There are 2 protein chains.
Amino acid sequence: MKNDKNPMQCQTVVALDAIVGKWKPVILHILLSGKPYRFNELRRNIPDITQRMLTMHLRELEEQDIIHREVYAQVPPKVEYSITEYGKTLGPILEAMHEWGANHLAHMASKETETDNSRSS
Amino acid sequence: MKNDKNPMQCQTVVALDAIVGKWKPVILHILLSGKPYRFNELRRNIPDITQRMLTMHLRELEEQDIIHREVYAQVPPKVEYSITEYGKTLGPILEAMHEWGANHLAHMASKETETDNSRSS
DNA sequence: CAGGATCCCTGTGGATACTG
DNA sequence: CAGTATCCACAGGGATCCTG
């Protein structure tokens with residue numbers, strides 16, 4: 001894992017570790033719908049991601065038991081990724097962050113306007 | 001800011017942006033107590049942080065209106081950092097993450113034990 | 001005391017090509 | 001289809017020295 005010595009006190013980073021990564025929030029947001037997705041299906045839903053990063057993030061999430069990887073022995077290969085029951089516990093947190101983020105954008109925008117007003121007066 | 005083109009959809013990253021950074025969670029955790037802290041006081045409470053990183057993180061948090069920087073015109077200089085009312089809205093999220101993180105450690109530990117059992121059997 | 005200025009190292013992530 | 005394997009760029013962060 002990434003955190004060698006978390007000197008007690010801050011398990012927050014443990015949670016962060018699970019959702020930090022350039023595309024992890026998007027992946028989680030998609031899989032939290034409950035529907036399983038195939039590899040390339042995910043790629044298509046995340047336009048700018050590279051297969052490398054998709055693979056890496058999926059592996060990390062799997063290792064954390066947040067998503068499940070189901071391999072179907074057939075040709076052509078078929079692999080499906082889905083959120084685990086345990087992974088669903090991240091849902092509320094992600095939602096809260098999404099909400100806070102949206103509100104934050106508004107908050108910062110209004111502060112911008114304040115400064116604009118004081119400039120224009 | 002860090003995210004140039006967040007293609008709508010994911011304000012989660014906006015929230016993440018506010019709390020991601022090697023020491024931000026700790027800083028926030030400390031300041032969320034409500035008590036104002038001086039610069040070196042914070043340093044002392046975060047053993048391994050460098051003044052450079054402390055400064056940078058504080059500046060970013062200030063820019064986001066999450067903490068307040070109060071400069072007292074006196075010599076020797078005195079600067080106090082405190083959580084803003086707005087910044088307090090991050091509290092519940094950090095708390096939730098902390099709780100999830102603690103639980104996650106337990107969860108992963110128990111999975112480890114499972115494998116240990118299957119190995120030892 | 002509370003920083004600013006520099007230099008440098010590492011990890012995260014991007015681009016591209018190849019495979020079972 | 002679902003990946004691996006390489007190479008490479010850059011930003012986040014560390015160490016050190018200096019200052020109003």
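Letters A, B, ... are given to chains in the order of the sequence lines, protein chains preceding strands, and every chain is numbered from 1. This is a predicted model, so every value here is computed, not measured.
- Between A:M56 atom CE and D:dT6 atom P the separation is 14 Å, expressed in whole Å.
- In this structure, A:L58 places its CG atom 11 Å from P of D:dA2, rounding to the nearest Å.
- A heavy-atom distance below 4.5 Å is not found between the side chains of B:I27 and B:I67.
- Distances shorter than 4.0 Å separate none of the side-chain N or O atoms of A:R43 from OP1 or OP2 on D:dA2.
- Checking the phosphate oxygens (OP1, OP2) of C:dG3, a side-chain nitrogen or oxygen of B:Y81 falls inside 4.0 Å.
- Atoms NZ (B:K78) and P (C:dA2) sit 9 Å apart, rounded to a whole Å.
- An OP1 or OP2 oxygen of C:dG3 is reached within less than 4.0 angstrom by a side-chain nitrogen or oxygen of B:R69.
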| request: Starting at the 5' end of nucleotides 14-20 of chain D, put B wherever the base has a protein heavy atom under 4.0 Å, S where only the sugar-phosphate does, and a dash everywhere else. | output: BBBB--B
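- Rounded to an integer number of Å, the gap from CZ of A:F39 to P of D:dA2 is 8 Å.
- The closest donor-acceptor contact from the side chain of B:E63 to the backbone of B:E60 lies at 3.5 Å or more, if one exists at all.
- In this structure, the nucleotide among C:dA2, C:dG13, D:dA2 sitting nearest to the side chain of A:H57 is C:dG13.
- With DNA chain C read from its 5' end, the first of the two nearest nucleotides for B:T55 and B:R44 is the one closest to B:R44.
- Rounded to 10°, the helix from C:dC1-D:dG20 to C:dG20-D:dC1 has 50° between the axis fitted to its first five pairs and the one fitted to its last five.
- Remark: B:K78 pairs with no residue by the side-chain hydrogen bond (donor to acceptor under 3.5 Å, both in side chains) rule, at least two apart or across chains.
- We find that CD1 of A:I46 is positioned 16 Å from C1' of C:dG14, with the value rounded to whole Å.
- Note on residues 58-92 of chain A: pairs passing ring-ring contact (aromatic ring centres under 6.0 Å, His included), not counting sequence neighbours, are A:Y86-B:W100, A:Y86-B:H104, A:Y86-B:H107.
- Take B:K22 and apply the side-chain hydrogen bond (donor to acceptor under 3.5 Å, both in side chains) test, not counting sequence neighbours, and it matches no residue.
- Using a 4.0 Å heavy-atom cutoff across all strands shown, B:Y72 reaches no nucleic acid atom at all.
- For the pair A:H29/A:L94, no side-chain contact is recorded, criterion being any heavy-atom separation below 4.5 Å from C-beta on.
- Looking at residues two or more places apart in sequence or on another chain, you find no side chain to side chain contact (heavy atoms under 4.5 Å, CB included) involving A:P92.
- The shortest heavy-atom contact between A:I66 and A:I83 is O-CD1, 3.6 Å.
- The distance between atom CD of A:E62 and atom C1' of D:dA2, rounded to the nearest whole Å, is 14 Å.
- The distance from the CG atom of B:L16 to the NZ atom of B:K24 is 10.5 Å, given to the nearest 0.5 Å.
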